[in-house]
Amino acid sequence: MQDLLRGRVVAAPGPASPATVAGLDVAYDDSGQRLGAAVVVLDTGDLSVLDTAVVRGRPAFPYVPGLFAFREVPALLAALDRLTVRPEVLICDGHGLAHPRRFGLAAHLGVLTDLPSFGVGKTRLVGEWEPVGATRGSRSALVDGGEPVGAVLRTQTGVKPVFVSVGHRIDLDHACALTLRLAPRYRLPETTRVADRVCRDLLT
DNA sequence: GCGACAG
DNA sequence: ATCTTGTCGC
């Protein structure tokens, strides 16, 4: 399925300066039998929350590295469907092309929605990189099998970097620039932080 | 056979 | 992802 859908990924420059971005995340209960998914739309200017949509349900697939999208995509699509504001870019908790078959969650969601998308992961799935500079904004190429698949980006000086990789209709430089703009104070972009908080609250 | 392995 | 325990720093 991934090998098939991968052919629908579009590599495009930009987007220049999106006014809205969406953050997506999923949380699970203690049993792992229930999940809560959230999509939040933020204004890139002041990082204010413009819209929120949530969904509760069951995992559609077990967690298997490389097949992560099959677990969370159904719930995230359902949540996206409930949005009132149409986001210009999707920022996913996970990887885009930095995937064994170059089709991680961010690429998967991008193709299915045809919205520009990229992933910001907390840990690596594939690839190697040279040490990243210690200051905010420093980045190092993430390379897998000899090809560049993303960037290891320092969003806060002296804090562990994040892994940025494009999904659909966006280039790496714009993805990194957006990530930095959305992470003025913490390691992760506000989109991810807000979505994480919202979906976690669904389980309590 | 052994280590790696998004969330 | 989720959980615990402990430490460091503002």
Side-chain angles (χ1 to χ4, degrees), chain A residues 1-3 5-6 9 22-40 54-80 90-112 117-129 134 136 140 142-145 147-153 155-168 172 175-176 179 184-189 191-204:
Chain A
M1 183 64 75
Q2 293 175 327
D3 286 336
L5 292 176
R6 183 181 54 211
V9 169
L24 305 85
D25 196 23
V26 175
Y28 300 84
D29 70 359
D30 298 317
S31 74
Q33 300 301 294
R34 299 289 299 177
L35 64 75
V39 182
V40 297
V54 301
V55 159
R56 292 206 288 175
R58 299 192 168 282
F61 205 78
Y63 170 68
V64 180
L67 300 179
F68 178 57
F70 295 102
R71 178 173 174 78
E72 300 194 342
V73 157
L76 291 173
L77 284 180
L80 280 167
L90 302 183
I91 302 180
C92 309
D93 201 8
H95 300 285
L97 300 192
H99 174 278
R101 288 168 294 284
R102 307 292 181 260
F103 198 69
L105 174 68
H108 204 133
L109 280 171
V111 164
L112 296 189
S117 69
F118 69 96
V120 177
K122 295 179 285 293
T123 62
R124 75 137 222 177
L125 174 58
V126 298
E128 310 83 47
W129 65 96
R136 168 179 154 83
S140 181
L142 179 62
V143 180
D144 183 46
E147 49 181 295
V149 295
V152 184
L153 177 69
T155 53
Q156 293 299 322
T157 297
V159 173
K160 191 199 305 184
V162 297
F163 299 78
V164 179
S165 61
V166 307
H168 188 60
L172 188 58
C176 286
T179 299
R185 166 133 196 229
Y186 298 100
R187 180 190 179 218
L188 299 177
T191 39
T192 297
R193 287 168 46 77
V194 176
D196 180 81
R197 177 66 177 275
V198 171
C199 66
R200 200 169 304 198
D201 282 344
L202 287 177
L203 303 167
T204 49

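By convention in this document, chain letters (A, B, ...) are assigned in the order of the sequence lines, proteins followed by strands, and residues within each chain are numbered from 1.
Heavy atoms of A:Ala27 sit under 4.0 angstrom from primed sugar atoms or phosphate atoms, though from no base atom. Heavy atoms of A:Leu24 sit nowhere under 4.0 angstrom from any nucleic acid atom. Nucleic acid contact class of A:Gly104 (heavy atoms, under 4.0 Å, all strands): base. No contact: A:Asp29 has no heavy atom under 4.0 Å from any strand. A:Tyr28 comes within contact range of the sugar-phosphate backbone alone, with a heavy-atom separation under 4.0 Å but no base atom that close. Counting non-hydrogen atoms under 4.0 angstrom, A:Gly119 reaches nothing in the nucleic acid.
When rounded to the nearest whole Å, the span between CZ of A:Phe163 and C1' of B:dA6 equals 10 Å. Nucleotide B:dC5 holds its C1' atom 10 Å from the NE2 atom of A:His95, rounded to whole Å. The interatomic distance linking A:Glu128 (CD) with B:dC5 (P) rounds to 11 Å, in whole Å. One can place CZ of A:Phe70 at 16 Å from P of B:dA6, the figure rounded to the nearest angstrom. Separating the CG atom of A:Asp144 from the P atom of B:dA4 is a distance of 16 Å, rounded to the nearest angstrom. Across the protein-nucleic acid pair, A:Leu109 atom CG and B:dA6 atom P stand 18 Å apart, rounded to whole Å. For the pair A:Gln156 CD and C:dC10 P, the interatomic distance rounds to 15 Å; values are reported in whole Å. At whole-Å resolution of the value, NZ in A:Lys160 and C1' in B:dA6 are 13 Å apart.
Out of C:dA1, C:dT2, B:dC5, the shortest distance to the side chain of A:Asp93 is found at C:dA1. Of all nucleotides listed (C:dT2, B:dG7, B:dA6), B:dG7 comes nearest to the side chain of A:Arg71. Residue A:Asp25 places its side chain closer to B:dG7 than to any other of B:dA6, B:dG7, B:dC5.
The ring pair (Phe, Tyr, Trp, His ring centres under 6.0 Å) search around A:His108 returns A:Phe70, A:Phe103, not counting sequence neighbours.
Proximity of a side-chain donor or acceptor of A:Arg124 to a complementary backbone N or O of A:Ala98 within less than 3.5 Å is not detected. A donor-acceptor pair under 3.5 Å is absent between the side-chain atoms of A:Gln2 and the main chain of A:Pro100, judged by distance alone. Looking at A:Arg56, its side chain never comes within 3.5 Å of a backbone N or O of A:Gly36 through a donor-acceptor pair. Looking only at distances, a side-chain donor or acceptor of A:Ser165 sits under 3.5 Å from a matching main-chain atom of A:Gly96. Judged by distance alone, the side chain of A:His95 and the main-chain N or O of A:Arg102 form no donor-acceptor pair under 3.5 Å.
Taking OG1 from A:Thr192 and OH from A:Tyr186, the interatomic distance works out to 14.5 Å, rounded to the nearest 0.5 Å. The line from CD1 of A:Ile91 to CG of A:Asp25 is 12.5 Å long, rounded to the nearest 0.5 Å. Rounding to the nearest 0.5 Å gives a distance of 8.5 Å between CZ of A:Arg136 and CG of A:Leu153. One distance of note links CG of A:Leu76 with CG of A:Leu90; it measures 9.5 Å at 0.5 Å rounding.
Between the side-chain ring of A:Tyr63 and the base of B:dG7, a stacking contact exists by the 5.5 Å and 30° definition.
Between A:Thr123 and B:dC5 there is no side-chain polar atom (N or O) within less than 4.0 angstrom of OP1 or OP2. Phosphate proximity of B:dG7 to A:Lys122: present, with a side-chain N or O under 4.0 Å from OP1 or OP2. Look at A:Arg124 and you'll find a side-chain N or O under 4.0 angstrom from OP1 or OP2 of B:dC5.
Counting only Watson-Crick or G-U wobble pairs whose defining distances are both under 3.5 Å, DNA chain B contains no stem of 3 or more consecutive pairs. For DNA chain C, there is no stem of at least three Watson-Crick or G-U pairs with distances under 3.5 Å.
Between A:Asp3 and A:Arg6 there is a salt bridge, since a side-chain N of the basic residue sits under 4.0 Å from a carboxylate O of the acidic one.
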